[in-house]
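Protein chains get the first letters and strands the later ones, always in sequence-line order, with residue 1 at the start of each.
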Amino acid sequence: MLVKLRLRVSSSIPRRICQRRFLLTNNTLSNPDESPILTAESPELPSWIKDFLSNKPSSSSSPPISDDEDFVIPSLAGWVQTQKLSQASPVNLAKKPTEDIDKVSDFLNKKDASYTDIVNELSSCDVVVSESLVLQVLRRFSNNWNQAYAFFIWAAKSQPGFNYNHSPLSYNAMVDVLGKCRSFDTMWRVLDEMSSELVTLDTMSKVMRRLAKAGKYNEAVDVFLEMERRYNVRTDTNAMNCLMDALVKENSIEHAHEVFLKLSDTIKPDSRTYNILIHGFCKARRFDDAMGLMKVAEFVPDVVTYTSFVEGYCKEGDFRRVDEILEEMRERGCKPNVVTYTIVMHALGKARQVGEALGVYEKMKEDGCVPDAKFYSSLIHILSKTGRFKDAAEVFEDMTKQGVSRDVLVYNTMISSAVHHSRDEMALRLLKRMEEEEEEGFCSPNVETYAPLLKMCCQKKKMKLLGALLQHMVRNDVSIDVATYILLIRGLCMSGKVEEACLFFEEAMRKGMVPRESTCKMLVEELEKKGMEEAKLKIQSLVQSLV
DNA sequence: ATAGGGTTAG
């Protein structure tokens with residue numbers, strides 16, 4: 001569906017950017033040589049943003065973005081997905097899988113049809129099914145299980161004369177998508193259709209995690225107890241650790257502990273088992289229970305064990321106790337490592353003890369402990385949060401010179417810092433840098449990369465950029481999740497763009513993603529305020545239809 | 001996925 005709206009978007013941004021830059025340079029006389037990206041903001045929103053986001057070569061002669069013009073708002077991600085994305089890039093045209101993925105995307109989005117229709121009509125797509133295509137479709141539609149599953153089923157019995165069978169990897173990806181979307185009935189069906197040599201601990205591990213994430217702790221445990229008989233997957237120590245880790249990570253140390261008490265007679269626990277439990281108890285601030293496990297005869301506490309305690313006391317804000325534990329570690333020849341230091345530094349930064357936090361950095365360097373990407377990400381976050389954006393950007397630039405390549409978390413942290421400090425163009429440039437070949441440590445953006453950028457678009461009413469970003473997400477196989485829809489709906493509501501908010505709301509509902517109660521309420525109230533009675537009733541009936 | 005981020009901020 002294509003919705004045409006006439007919009008006027010503010011043209012004052014470039015001037016504001018200039019003014020800000022002027023102020024900034026005047027305020028920081030001490031540091032005249034800024035790194036290139038800090039001075040990169042040009043007076044106009046440059047054409048590179050458009051070229052980059054539309055996947056065109058940067059030498060393209062297309063006119064630069066003008067936020068003044070009327071345009072078609074790509075308000076629906078579905079609309080975005082039906083665009084002929086591959087035509088934009090000669091590079092992509094050379095690659096067959098890219099062509100095929102867009103054919104499939106086109107088809108799946110055009111159809112509002114039922115699942116059987118999709119399966120029956122997909123053949124008209126004319127694509128060659130391969131494992132990489134299946135994996136890509138599953139990634140791109142990882143929040144739309146209906147479409148992903150329809151394609152998956154069709155792919156297995158497509159192509160007469162061409163013998164394609166789903167690989168174990170594809171099966172596991174399908175199971176994971178169904179679990180993520182909480183379509184557990186369908187997930188069970190797929191599992192039962194898989195022959196037993198296809199079902200591995202990898203598969204069951206995904207199932208247990210997804211169940212635990214949905215709060216179905218007992219079912220996760222049952223899967224474990226049944227899996228040897230039903231799927232021929234061994235219930236050994238490693239498998240038990242997977243189960244317990246899933247339970248702890250999804251906040252049920254109680255279930256993990258119960259499993260341990262019930263099974264440790266028949267399945268021999270190892271040091272990981274104890275560390276998982278200790279971590280769970282520390283996370284729940286049950287330090288006495290954690291201590292009790294430390295004293296088990298066959299278990300020797302290691303740096304992971306101590307670090308769990310450090311983290312627990314950090315979250316309590318008890319930094320005196322943290323220091324004691326760090327001292328004890330050194331005494332026992334179990335020196336804190338980069339993970340330990342990251343936890344302490346981050347917690348101090350969060351507690352607004354920035355000086356102390358940076359002291360940890362110094363102490364760590366003294367200890368000869370080498371920072372890694374996650375450490376740098378924390379450091380950048382702290383510096384930016386305390387207003388030291390310039391320093392944060394410097395750390396970002398410097399880290400590769402220290403031999404550490406940037407990962408997606410580092411980029412995400414820097415992008416959200418840039419947005420927080422109103423360096424919009426720099427944020428977009430960072431997104432571009434992620435996919436540049438010459439950058440060491442190329443990494444693909446994920447849904448968290450885009451969130452601050454999308455939020456910024458909503459706040460500043462940059463609707464064209466918003467559309468381009470959504471399109472960019474699709475091209476990078478980043479599936480839009482319910483959290484993103486909530487962000488868009490709330491952000492647009494707060495900017496008074498309530499029609500657009502409605503479009504995203506309807507699309508989310510159509511995809512079976514239900515925004516929170518408070519988000520629905522916000523939208524309805526906003527419509528009420530604007531006297532948009534008809535739209536209000538429509539949204540209300542949509543909400544009603546779910547109950 | 002045995003320990004590290006943050007999900008929403010005025």
Side-chain angles (χ1 to χ4, degrees), chain A residues 176 201-202 204-206 208-210 212-213 237-250 253 256 260 269-283 290 293 299-315 322 325-326 329 334-350 357 360 364 369 371-382 384-385 407-417 419-420 446-452 454-455 458-459 481-487 489-491 494 516 518-519 522:
Chain A
D176 199 44
L201 179 57
D202 257 9
M204 296 324 285
S205 192
K206 288 187 158 72
M208 293 187 294
R209 276 180 200 284
R210 292 303 181 186
K213 207 171 200 108
T237 305
N238 190 21
M240 181 175 72
N241 289 347
C242 282
L243 168 66
M244 284 170 52
D245 187 60
L247 295 169
V248 164
K249 288 246 166 76
E250 304 310 330
I253 177 62
F260 174 76
D270 62 5
S271 65
R272 291 181 181 211
T273 318
Y274 289 106
N275 275 336
I276 291 166
L277 277 175
I278 289 170
H279 172 228
F281 281 130
C282 286
K283 205 170 140 186
L293 286 168
F299 174 62
V300 184
D302 59 10
V303 61
V304 176
T305 323
Y306 284 111
T307 301
S308 290
F309 280 97
V310 166
E311 194 189 9
Y313 284 111
C314 274
K315 293 215 166 119
V322 169
I325 300 170
L326 291 176
M329 288 173 80
C334 183
K335 281 172 68 175
N337 64 16
V338 61
V339 179
T340 325
Y341 283 120
T342 307
I343 291 167
V344 177
M345 179 180 70
H346 195 87
L348 283 166
K350 220 169 162 181
V360 172
M364 180 175 108
C369 177
D372 63 6
K374 284 220 165 69
F375 177 86
Y376 278 117
S377 149
S378 257
L379 185 55
I380 291 167
H381 184 252
I382 291 170
S384 157
K385 264 265 161 91
D407 63 6
V408 63
L409 180 61
V410 170
Y411 272 106
N412 290 358
T413 308
M414 197 65 232
I415 288 173
S416 95
S417 301
V419 169
H420 271 109
N446 59 24
V447 70
E448 285 127 355
T449 311
Y450 292 95
L454 296 173
K455 203 182 285 177
C458 293
Q459 272 168 10
D481 60 1
V482 66
T484 306
Y485 278 113
I486 290 169
L487 171 165
I489 294 161
R490 299 183 74 93
M494 286 188 284
R516 279 181 230 151
S518 63
T519 303
M522 181 179 194

**Student:** Donor-acceptor pair under 3.5 Å: do we get one between A/Glu448's side chain and the base of B/dG6?
**Tutor:**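 Side chain to base: pair found, below 3.5 Å.
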
**Student:** Taking A/Lys374 first and then A/Asp407, would you say they form a salt bridge - that is, a charged N and a carboxylate O separated by under 4.0 Å?
**Tutor:**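 Salt bridge between A/Lys374 and A/Asp407, a charged N being under 4.0 Å from a carboxylate O: no.
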
**Student:** Would you classify A/Val310 as touching base, sugar-phosphate or nothing, given that sugar-phosphate means primed atoms plus P, OP1 and OP2, and contacts are heavy atoms under 4.0 Å?
**Tutor:** nothing

**Student:** So do the side chains of A/Lys455 and A/Val419 get within less than 4.5 Å of each other, counting heavy atoms only?
**Tutor:**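 A/Lys455 vs A/Val419: side chains apart.
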
**Student:** Short question: side chain of A/His381, backbone of A/Ser377 - any donor-acceptor pair under 3.5 Å?
**Tutor:** no

**Student:** Nearest 0.5 Å please: distance from the NZ atom of A/Lys283 over to the CD1 atom of A/Ile253.
**Tutor:**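 It comes to 9.5 Å.
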
**Student:** May I ask you to say what A/Leu409 touches in the nucleic acid, namely base, sugar-phosphate or nothing, with a heavy-atom cut-off under 4.0 Å?
**Tutor:** base

**Student:** Reckon A/Lys455 touches a base, only the sugar-phosphate, or nothing at all at heavy-atom distances under 4.0 Å?
**Tutor:** sugar-phosphate

**Student:** Name the nucleic acid region contacted by A/Lys385, choosing base, sugar-phosphate or nothing; use a 4.0 angstrom heavy-atom cut-off, strictly under.
**Tutor:** nothing

**Student:** Identify whether any heavy atom of A/Tyr274 sits under 4.0 Å from a base atom; if not, whether one sits that close to sugar-phosphate; answer base, sugar-phosphate or nothing.
**Tutor:**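 Result for A/Tyr274 = nothing.
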
**Student:** Using a 4.0 Å heavy-atom cut-off, does A/Asp372 contact any base of the nucleic acid, only the sugar-phosphate backbone, or nothing at all?
**Tutor:**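 Base contact.
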
**Student:** For B/dA3 and A/Lys374 - does any side-chain N or O of the residue sit under 4.0 Å from the phosphate oxygens OP1/OP2?
**Tutor:** no

